[in-house]
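What follows is a short report on a single structure.
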Amino acid sequence: SPTGAFRSFFTFPNRRRPRFPLLVASTESLADLNARLKKKQAPPVPMDRFRPNLVVAGVTKEGNAPFAEDAWKTMTRAGDRLALTVAKPCSRCKMPTIDQATGEPDGGDATTDDATADEGGGPRALAEPTATLKEYRTGAALKLKNPKWRQEVFFGQNITHASPGAEINVGDTFYVRSKGRSCAIS
């Protein structure tokens with residue numbers, strides 16, 4: 001939000017709770033994607049194309065920072081121990097192919113009536129950044145176990161929490177636990 005704070009969806013008791021209320025993505029992952037787009041002479045995309053509500057920076061994973069969030073299990077905030085659980089990778093629909101400021105789609109066939117056009121596997125798969133992500137971020141390429149995810153495109157991680165009224169502020173430090181490793185991020 002403009003104030004730099006996130007208030008939990010769970011503070012509204014009459015609303016249906018979202019299955020995955022938070023999405024985390026790292027600036028390092030976006031930089032990696034944009035470097036690949038540049039090699040294809042395609043324009044870079046901003047983070048808002050992926051609509052994360054948690055953007056982290058300063059991520060490292062044995063010298064390979066991009067997509068380190070793929071291995072995360074939990075994120076715990078320093079101080080009060082607010083715990084976030086990394087639930088699953090986020091499969092992408094057509095939204096990353098749409099300019100968030102104008103609502104205009106980038107490439108692909110905008111006139112199709114094909115029912116699959118709304119998802120990453122439809123005609124929008126030809127638009128960027130989905131086309132580039134399909135080269136290295138599919139379920140098959142990531143060796144994800146769910147067979148339904150083989151052709152899906154992934155960017156970011158879905159997160160859950162059980163802390164009604166919790167707020168996360170810009171600059172908060174979280175400790176990340178991944179497969180046998182821990183580190184701090186802000």
Side-chain angles (χ1 to χ4, degrees), residues 6-12 15-33 36 45-62 64-77 81-98 100 116-122 124-125 129-164 166-168 172 174-186:
F6 165 80
R7 182 166 297 277
S8 167
F9 282 99
F10 301 141
T11 60
F12 303 102
R15 287 193 181 174
R16 183 172 172 234
R17 292 189 341 174
R19 188 167 176 203
F20 302 112
L22 299 172
L23 174 64
V24 66
S26 73
T27 57
E28 290 82 1
S29 298
L30 182 65
D32 179 85
L33 171 60
R36 292 168 189 260
V45 295
M47 187 64 86
D48 70 357
R49 292 284 185 102
F50 297 99
R51 301 169 327 216
N53 40 19
L54 292 176
V55 177
V56 297
V59 178
T60 61
K61 180 180 84 173
E62 300 174 354
N64 183 16
F67 303 103
E69 59 266 39
D70 288 354
W72 296 352
K73 297 293 182 194
T74 61
M75 298 172 64
T76 306
R77 183 169 51 195
R81 312 297 287 169
L82 169 68
L84 307 175
T85 302
V86 179
K88 68 176 223 38
C90 184
S91 61
R92 306 316 309 206
C93 62
K94 71 176 179 181
M95 194 58 69
T97 68
I98 297 173
Q100 299 299 293
T116 63
D118 192 41
E119 301 304 323
R124 294 273 183 234
T130 304
T132 297
L133 288 169
K134 276 190 165 295
E135 295 171 3
Y136 71 114
R137 297 290 302 168
T138 63
L142 298 172
K143 297 180 172 56
L144 299 177
K145 293 179 182 178
N146 189 331
K148 295 177 183 177
W149 294 351
R150 295 198 54 75
Q151 299 304 313
E152 296 287 327
V153 174
F154 296 90
F155 189 96
Q157 294 290 318
N158 290 300
I159 294 179
T160 62
H161 74 95
S163 302
E167 289 186 17
I168 299 171
D172 283 355
F174 281 83
Y175 295 97
V176 173
R177 186 176 62 81
S178 59
K179 298 172 186 171
R181 299 184 55 89
S182 297
C183 66
I185 59 169
S186 294

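Everything numeric here is computed off the predicted structure, so don't read it as measured data.
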Of all heavy-atom pairs linking P129 and P96, the shortest is CD-O, 3.0 Å
Whether R49 side chain and I98 backbone form a donor-acceptor pair below 3.5 Å:
yes
In terms of heavy-atom contacts, F67 and S26 come closest through N-OG, 4.5 Å
Of all heavy-atom pairs linking S29 and P66, the shortest is OG-C, 3.8 Å
Give the C-alpha distance, both sets of side-chain angles, the deciding distance and a yes or no for side-chain contact (heavy atoms from CB on, under 4.5 Å) between L84 and I168. CA-CA 11 Å; L84 307 175; I168 299 171; 4.1 Å; yes
To the nearest 0.5 Å, atom CG of D172 lies from atom CZ of R77 at 5.0 Å
Rounding to 0.5 Å, atoms NE2 (H161) and OG1 (T74) come to a distance of 15.0 Å
Check: Heavy atoms, side chains only, cut-off 4.5 Å: are C90 and N158 in contact?
Finding: yes
Closest non-hydrogen atoms of P21 and N53, given as atom of the first, atom of the second and distance, are O-ND2, 3.1 Å
Q | Main-chain N/O of F155 paired with R137 side-chain donor or acceptor, under 3.5 Å | A | no
Between F50 and L23 the two heavy atoms that sit nearest each other are O-CD2, 3.3 Å
For the pair F154 and L144, evaluate side-chain contact (heavy atoms from CB on, under 4.5 Å) and give the outcome as yes or no after the intermediate values.
-> CA-CA 10 Å; F154 296 90; L144 299 177; 3.6 Å; yes
- Task: With side-chain contact (heavy atoms from CB on, under 4.5 Å) as the test, would you mind laying out the steps for V45 and T97 before giving the verdict?
- Result: CA-CA 9 Å; V45 295; T97 68; over 6 Å; no
For V56 and E28, the nearest pair of non-hydrogen atoms, with its separation, is O-OE1, 3.9 Å
Check your understanding: So, the side chain of Q151 versus the backbone of W149: is there a donor-acceptor pair under 3.5 Å, distance only?
Key -> no
Practice task
Applying side-chain contact (heavy atoms from CB on, under 4.5 Å), run through R92 and T130 and close with a yes or a no.
Solution key: CA-CA 8 Å; R92 306 316 309 206; T130 304; 5.7 Å; no
Side-chain heavy atoms of D70 within contact of Q157, under 4.5 Å: yes
